[in-house]
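One structure is given here, and the rest of the page talks about it.
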Amino acid sequence: MIPYGHQWIDKEDIKAVTDVLKSDWITQGRKVNEFEYEFAKYVGAKYAVAVNSGTAALHSACFAVGINKGDEVITTPITFVASANCIIYQEGIPVFADIDKDTLNIDPKEIKKKITPKTYAIIPVDFTGRPADLEAIQKIAEENNLIVIEDACHALGATYKGMKIGSISDMTVFSFHPVKHITTGEGGMVTTNNREYYKRLKLFRTHGITKEVNKDVDTVTIILNSIANHFEPWYYEMRELGYNYRLTDFQCALGLSQLKKIDKFVKRRREIAYKYDLEFKNISEIIIPETDQMYLDVMEGFVKQSESSWHLYVIQLNLEKLKVGRRKIFEALRTEGIGVNVHYIPIHLQPYYQKRFDYRKGDFPVAENYYEKAITLPIFPKMTDKDIEDIIRAIKKVIGYYRK
Ligand SMILES: *Cc1c(COP(=O)(O)O)cnc(C)c1O
């Protein structure tokens, strides 16, 4: 079975990890700083903070920007549950806005309809690796004084109007799960250009504890703290309720080694997507992913609005032209050895969300309609040309068999 995603670990990666394992510092050493530094440089952000999962990165970002009890945060129903769960961790209220049927990303027009006086932030997701409509979202955020936390767990290496994803929104979140662009086993990162957010992210990662003396409080407390600090070399203070979200040094060594290969990885993903596009665009039973629109730049001429880094390649079935439903096609492809998948069951249809927030079927028709037709095909850099051929052949065979 060819899975839908898979890591690529080579000898250098293994050496990078074992070198750290043989050293004195296997966690909280300098590999964390190095990885953060290189990652920030790669995406073009001022700051990067490494944590132990993409989910922890989302939670940390929600904390750092100050999402609190009762705050409403708008996100898409077509994403992994973590994009919305992080809001609930901070006792905020997840509010979904429907997707655009072509881009499959959150629809800015729908975001506008969901804004209330309680709205605090927006969490757009760069679904499949294709950047969300960040300019429109930023404009809405500015007009309504909202913060944008971009879930870019699918989009490391993607660009938006020539800028790397990770340098654009107030906060951007990445995951290093093995199916993502680079891996640390489990791991995540938050990038930002805002120094205050950066400091709060670091605090949150280690129990809200710092060794620095608090400079935000009144003078007397500062003096008392300084005296305490001066006389007590063990001094530390806990300022917020944080967690242990640290990433180990050997994982950061793996991340550093993987990051060296990111351009190669993204290039290969784009090649595979291009090949699928060519093969499937003339099959009327299959709707291929919409590719990015061009726009006219006065200086550069026609340029791409954005360039996906292709975490996922999702086709939609044109069900009117098929004798069977999505499930039969899915099962037939699995029988052919193709590890197809479905991303995602809309979050508002999950039992927890239905029970707690009273969402129901029909609330987000575009998302639900997309979900009924979607199948994710395998895409990862380690796929061989033969794997690609096998997948294309299997798709053509199965679609041909069930065609009306
Ligand atoms: C993978 C993923 C996450 C969570 O990342 P983990 O590292 O698995 O915790 C969050 N959001 C999206 C969109 C993801 O794909």
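Indexing begins at 1, ligand by ligand and atom by atom, following the structure's order.
- By the criterion of a heavy-atom distance under 4.0 Å, both the backbone and the side chain of Ser53 are placed next to ligand 1.
- Protein heavy atom at the shortest distance from atom 6 (P) of ligand 1 is Gly54 N, 3.4 Å.
- In summary, the atoms of ligand 1 found under 4.0 Å from a heavy atom of Thr79, numbered by their order in the structure, are 13 (C).
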Worksheet item: Stepwise, does the salt bridge (Lys or Arg N to Asp or Glu O under 4.0 Å) test hold for Lys386 with Glu389?
Response: CA-CA 5 Å; Lys386 176 160 184 311; Glu389 297 301 323; over 6 Å; no

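- For atom 1 (C) of ligand 1, the nearest protein heavy atom (residue, atom name, distance) is Lys180 NZ, 1.5 Å.
- Residue-ligand proximity: Ser83 is placed with a non-hydrogen atom under 4.0 Å from ligand 1.
- No donor-acceptor pair closer than 3.5 Å links the side chain of Asp126 to the backbone N or O of Ala155.
- With respect to Tyr197, the side-chain contact (heavy atoms from CB on, under 4.5 Å) criterion is satisfied by exactly one of Val49, Val190, Ile147: Ile147.
- Within the set Ser175, Ala152, Ala82, the minimum heavy-atom distance to atom 5 (O) of ligand 1 is found for Ser175.
- Applying side-chain contact (heavy atoms from CB on, under 4.5 Å) to Pro289 and the options Thr128, Asp277, Leu104 leaves one that passes, Asp277.
- Within the 4.0 Å heavy-atom criterion, neither part of His311 lies near ligand 1.
- When non-hydrogen atoms are compared, ligand 1 lies under 4.0 Å from the backbone of Thr55 as well as from its side chain.
- Only the side chain of Tyr344 comes within contact range of ligand 1, with a heavy atom under 4.0 Å; no backbone atom does.
- Residue, atom and distance of the protein heavy atom nearest to atom 11 (N) of ligand 1 are Asp151 OD2, 2.8 Å.
- Interface atoms of ligand 1 facing His154, defined by a heavy-atom separation under 4.0 Å, are 13 (C), 14 (C), 15 (O).
- The aromatic rings of His348 and Phe96 are tilted relative to each other, their planes meeting at an angle between 30° and 60°.
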Item to complete: Tell me, with the steps shown, if Glu142 and Lys139 meet salt bridge (Lys or Arg N to Asp or Glu O under 4.0 Å).
Response: CA-CA 5 Å; Glu142 277 164 21; Lys139 188 159 172 281; over 6 Å; no

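- The cationic atom of Arg326 (NZ for Lys, CZ for Arg) lies less than 6.0 Å from the six-membered ring centre of Tyr371 and within 45° of the ring axis.
- Near Gly187, meaning under 4.0 Å from one of its heavy atoms, ligand 1 places the atoms 7 (O).
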Practice prompt. Determine, stepwise, if the pair Arg403 / Lys323 fulfils side chain to side chain contact (heavy atoms under 4.5 Å, CB included).
Written response: CA-CA 6 Å; Arg403 176 174 284 145; Lys323 285 189 284 201; over 6 Å; no

